[in-house]
Amino acid sequence: MGLQIVALLCDVSGRFSLAKIIGITATFNLWFLLSLYFVVGIIAQVLSLQFQSQKEDDAVSTWVDYALLQTKFKNILYSLATILWLFFLLQNLNVDDTVINYIKDLLKQGHTVGGASFTFGGFVIFIGVIWLSSILSRIISYFYDISAQRSTDIQALIKKNRTSTLLIRIGVFTVGFFLAVFASNFPLDKITIIISAFGIGIGFGLQNIVNNLVSGLILAFEKPVQIGDIIEVDNRSGTIKEIGVRASRIATSDGAEVIVPNGDLISRHVINWTLSNNNRRVELIISVAYGTDIPMVKSLLKDVLTSREDIMAHPEPLIFVHNINESNVDFRILFWADDITHWLELKSNVLSDVYTKFYEQGIKLPSKTQDLTLTLPNGKTIGLNDEVKPVDKDKVNSNDPSKQP
């Protein structure tokens, strides 16, 4: 629409050849844009169907998230299509050679800042190599995480966990940085100036950032927490989904994702439930009515705990008499769940089994009701559960105290 308006103005001003060129270019590039849009969609669908048809149970293709791959691939195709569309637009306007020569001169032109000479071309190469290295590190980390999650061999999984994803990303990014420096012809003697300036910046206000960066390296080497661990920090519990260079991402049980700086994982008290194993001890307090046979209750609780396969046999479940008072006897039960991710479900199932056993054996639970006794002036007592007889209204209205009920 913009080009057609320009063409109309050129036509009104008498520049008919220029108006024709601009008008035809606008129409052609509109249809070319629509064609590229549908072509990109068709290519993305064809590749997705091809991957899905060749997918096997044990193949590497089963590790790939096709929805994510299709989205990323479509973005790349759209970027290439945009560049191609702009090239044909400039070519149809007969300004492609002029624009290309201008860009080449701009990229090759030297500039000097503070005694350091550089070109925009070298700067573009530097940024491009850094960007490609970051993409490569993400791809390697993605396949590493997927392969670790799909592994069925426990020993292989433990071996994979010994290699940190953060170290891989830092290593790839570091190699990419030096390749970018060499490819852009950046003078190496100027790196010392950058490092010095970075040190001054640390002293003036980058302490927290540097602290988190160093903490990330400590997490990568010491591995007090790893991806997939269930931890508690600052009264927040969840599963670690990502350990980044500066911060880590924790997914909570209610669906939230908490971004925790790496410095907090090093300097604060962190509870790691899955550092060495996935077991968790579960504690229950079971109360029965006072006067219940204690050995029988222990036997029933023991049968419930030993009959379940999801309760660990070693260490074996423990049953203790926890408390005794005038209305109930409390039992403390301790047992181990072999999978921490299902401990709440296991706790619910055990409580259900205990209730069923108690109901079958006629074991009563403690009642919260209390007996209330009233003492009358004549010395008689009336309990809360005693039968109350109807009151004679004539006797109530009598003035004779002896006839009062």
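Index from 1, following the sequence.
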Parallel, tilted or perpendicular, as decided by the 30° and 60° cut-offs, for the rings of Tyr78 and Tyr37: parallel
message: Closer than 3.5 angstrom, by distance alone: can the side chain of Ser299 be matched with the main-chain N or O of Pro295 as a donor-acceptor pair?
response: no
- request: Report yes if some heavy atom in the side chain of Gln361 is under 4.5 Å from a heavy atom in the side chain of Val297; otherwise report no.
  value: no
Ion pair Arg236/Asp234, N-O distance below 4.0 Å: no
- line: CG of Asp310 to CG of Leu346, rounded to nearest 0.5 Å, is 4.5 Å
query: Quick one: does Tyr102's side chain get under 4.5 Å of Thr98's, heavy atoms only?
result: no
- line: Note: Pro317 and Ile311 closest approach over all heavy atoms is CG-CG2, 4.1 Å
task: Before giving the answer on side-chain contact (heavy atoms from CB on, under 4.5 Å), spell out for Ile231 and Leu265 the whole-Å C-alpha distance, their side-chain angles and the decisive distance to 0.1 Å.
output: CA-CA 10 Å; Ile231 67 170; Leu265 298 178; 4.1 Å; yes
Side chain to side chain, Ile271 and Trp273, heavy atoms closer than 4.5 Å: yes
field: Distance in Å, Glu232 CD paired with Asn272 CG, rounded so as to fall on 0.5 Å steps
entry: 10.0 Å
field: Smallest separation among heavy atoms of Phe331 and Leu301, with atom names
entry: CB-CD1, 4.2 Å
query: So, do Ile319 and Leu305 sit near enough that their side-chain heavy atoms are less than 4.5 Å apart?
result: yes
- prompt: From Asn328 CG over to Thr292 OG1, what is the distance, rounded to the nearest 0.5 angstrom?
  reply: 9.5 Å
message: Do Leu179 and Leu132 have side chains that approach each other closer than 4.5 Å (heavy atoms only, starting at C-beta)?
response: no
task: Say whether, by atom type as modelled, one donor and one acceptor occur between the side chain of Trp85 and the main chain of Phe32 under 3.5 angstrom.
output: no
- prompt: Is there side-chain contact between Asn325 and Tyr290, with heavy atoms separated by less than 4.5 Å?
  reply: no
task: Would you name the heavy atoms of Cys10 and Ile22 that are closest together and state the gap between them?
output: SG-CD1, 4.3 Å
message: Looking at every non-hydrogen atom in both residues, tell me the closest pair between Asn279 and Asp338 and how far apart they are.
response: OD1-O, 3.3 Å
Residue pair Ile250 / Val233, side-chain heavy-atom distance below 4.5 Å: yes
query: Taking the side chain as C-beta and beyond, is there a heavy-atom pair between Val260 and Ile240 under 4.5 Å?
result: no
task: Look only at the side chain of Asn349 and the backbone of Glu345, and say whether a donor-acceptor pair between them is shorter than 3.5 Å.
output: yes
- prompt: For the side chain of Asp11 and the backbone of Ala7, is there at least one donor-acceptor N/O pair under 3.5 Å apart?
  reply: no
field: From CD1 (Ile243) to CD (Gln226), nearest 0.5 Å
entry: 7.0 Å
field: Polar side-chain atom of Asn262 near backbone of Arg246 as donor-acceptor pair, under 3.5 Å
entry: yes
task: Taking all heavy atoms of Met312 and all of Ala337, pick out the closest pair and write down the distance.
output: SD-O, 4.0 Å
message: If we ignore hydrogens and angles and just use 3.5 Å, is the side chain of Thr27 paired with the main-chain N or O of Gly23 as donor and acceptor?
response: yes
- request: Locate the shortest heavy-atom distance separating Asn212 from Pro261; write the atom from each residue and the value.
  value: OD1-CB, 3.5 Å
message: Check this for me: Asp254, atom CG, are more than 12 non-hydrogen atoms of other residues, nucleotides or ligands nearer than 6.0 Å?
response: yes
- prompt: Is Glu309 atom CD crowded by more than 12 heavy atoms from other residues, nucleotides or ligands, each under 6.0 Å away?
  reply: no
message: With a sphere of 6.0 Å drawn around CZ of Phe28, does it hold more than 12 non-hydrogen atoms of other residues, nucleotides or ligands?
response: yes
- prompt: When rounded to the nearest 0.5 angstrom, what is the spacing between CG in Asn94 and OG1 in Thr25?
  reply: 7.5 Å
field: Main-chain N/O of Val304 paired with Ser307 side-chain donor or acceptor, under 3.5 Å
entry: yes
message: Checking the side chain of Lys357 only, and the main-chain atoms of Ile363 only, is there a donor and an acceptor separated by less than 3.5 Å?
response: no
field: Distance in Å, Glu257 CD paired with Thr252 OG1, rounded so as to fall on 0.5 Å steps
entry: 8.5 Å
